[in-house]
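Notes for the one structure printed next.
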Amino acid sequence: MVQKTSGIYQLTQIPAIYAAFQRMLGGERARQELVASHIRPAPGARVLDFGCGSGAILPYLGLVEYVGIDLNADHIAQARAAFGDRGTFYAGDFGSLPVEQHGTFDLVVCLGVLHHLDDARVHELVMMARRYLAADGRFVAVDPVFEPGQAFVARWLAKLDSGKCVRTAPQYAGLVKGGFGNSTTTVRHDLLSLPYSHCITSANATTGEPVRANVLAYS
């Protein structure tokens, strides 16, 4: 994992502080919009969340079968305490998930993960996601992005992010396409309560869709 870990960045590893920071920025509204417009889980869908943190997305997914994995054991402990009756949580690297126990999933999501990984690790993650997906499954990743013409504050915040591999939308698309043969990127500038740019990168397990990019207007 390629990220900044010293100084103030250590605070983001503390679940209570990270959750408070997310609330301040409007994270609840952002999660609602991401689920409604981009993740779109069907009732009863099987969802695998790489880098699930404390499971904050789970309450917005509806009635799904949920499995989450995250490197931060403290985040996983909080997720189990809050949502242990609704999901299964593992502490560890995405490659350590016990394959034989879970079968395939309808959705694999990675919220704020790819920009912490170099290209080789993203390729490993994407290939593992493809392995876990059902024949008609979807992959959805959300990350900060460098975008031409974005607000100065949005670019500055992306540069400050603890993840050291923030990319452009075409770069995210190319990495995901390498594992799926197709990818779609949508850039959003309106998910948080301050200027910030997110790239939602998605792909279908069935190959053959063209790569395309959508940019929603600045708010």
Side-chain angles (χ1 to χ4, degrees), residues 27 29-43 45-52 57-58 60-62 64 66-68 94 104-151 154-155 158 161 163 165-192 195-219:
R29 181 179 66 84
R31 285 188 283 271
Q32 289 175 341
E33 175 61 16
L34 284 172
V35 170
S37 297
H38 302 284
I39 300 175
R40 306 189 306 274
R46 305 193 74 240
V47 180
L48 174 58
D49 189 350
F50 284 144
C52 65
I57 196 68
L58 180 51
Y60 304 92
L61 295 176
V64 299
Y66 178 93
V67 176
F94 61 82
T104 59
F105 292 83
D106 304 298
L107 281 164
V108 175
V109 298
C110 300
L111 308 182
V113 175
L114 302 190
H115 72 287
H116 290 280
L117 307 176
D118 62 23
D119 288 1
R121 287 292 279 163
V122 171
H123 179 71
E124 290 178 22
L125 185 151
V126 169
M127 295 306 293
M128 181 158 289
R130 179 69 184 269
R131 175 185 179 186
Y132 273 115
L133 278 171
D136 57 350
R138 287 191 304 118
F139 172 83
V140 182
V142 181
D143 291 276
V145 63
F146 293 128
E147 182 74 5
Q150 72 189 130
R155 177 167 287 268
D161 195 282
C165 297
V166 177
R167 300 170 172 90
T168 65
Q171 288 171 331
Y172 286 124
L175 287 169
V176 173
K177 184 186 178 185
F180 283 90
N182 68 94
S183 64
T184 298
T185 58
T186 299
V187 176
R188 297 285 301 260
H189 306 281
D190 59 347
L191 293 177
L192 296 181
Y196 201 86
S197 302
H198 291 88
C199 181
I200 300 94
T201 310
S202 61
N204 295 327
T206 302
T207 61
E209 290 192 355
V211 177
R212 64 183 186 275
N214 302 316
V215 178
L216 277 71
Y218 291 86
S219 59

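Atom set for the values below is all heavy atoms of this structure, side chains included, hydrogens, waters and symmetry mates excluded.
Considering every non-hydrogen atom in both L111 and I39, the closest pair reads CD2-CD1, 4.4 Å. Here the shortest heavy-atom pairing between L61 and P41 reads O-CG, 3.5 Å. What you find for V64 and A42 is that their closest heavy atoms are CG1-O, 4.1 Å. Scanning all heavy atoms of the two residues, the minimum distance from V113 to D143 falls at N-OD1, 3.3 Å. Among all heavy-atom pairs drawn from V145 and A158, the shortest one is O-CB, 4.4 Å. Minimum interatomic distance between A203 and S183 (heavy atoms only, all atoms of both residues): CB-CA, 4.3 Å.
Atoms CD and SG, from Q171 and C165 in turn, are 10.0 Å apart once rounded to the nearest 0.5 Å. The OG1 atom of T206 lies 12.0 Å from the CZ atom of R138; values are rounded to the nearest 0.5 Å. Annotation: the span from R29 atom CZ to Q32 atom CD amounts to 9.0 Å, rounded to 0.5 Å. To the nearest 0.5 angstrom, N204 atom CG is 7.0 Å from T184 atom OG1. Taking CZ of R40 as the start and CG of L107 as the end, the distance is 9.0 Å to the nearest 0.5 Å. A distance of 9.0 Å separates OG of S202 from NE2 of H38, quoted to the nearest 0.5 Å.
Listed by chain and residue number, D119, V122, R167 satisfy the side chain to side chain contact (heavy atoms under 4.5 Å, CB included) test with L175 (two or more places apart in sequence, or in another chain). Legend: residues meeting salt bridge (Lys or Arg N to Asp or Glu O under 4.0 Å) with R155, ordered by chain and number and at least two apart, are absent. For Y66, the side chain to side chain donor-acceptor pair (under 3.5 Å) partners two or more places apart in sequence, or in a different chain, are D49. By the ring pair (Phe, Tyr, Trp, His ring centres under 6.0 Å) test, F139 pairs with F180, sequence neighbours left out. In terms of the side chain to side chain contact (heavy atoms under 4.5 Å, CB included) criterion, residue partners of S37 (sequence neighbours excluded) are, by chain and number, E33, R188.
Remark: of the listed residues V187, V166, I200, V166 is the sole one forming a side-chain contact (heavy atoms from CB on, under 4.5 Å) with Y172.
Considering only heavy atoms from C-beta on, V126 stays 4.5 Å or farther from K177 through its side chain. Contact annotation: the side chain of F94 approaches that of R121 to within less than 4.5 Å [non-hydrogen atoms, C-beta and beyond]. Contact check for H198 versus L192: side-chain heavy atoms found under the 4.5 Å cut-off.
Under the 3.5 Å distance criterion, with hydrogens and angles disregarded, no donor-acceptor pair is assigned to the side chains of S197 and E147.
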Next on the checklist: Assess the residue pair F50 and V108 against the criterion (side-chain contact (heavy atoms from CB on, under 4.5 Å)); give the C-alpha distance rounded to whole Å, side-chain angles, the decisive distance to 0.1 Å, and a yes or no.
Outcome noted: CA-CA 7 Å; F50 284 144; V108 175; 3.7 Å; yes
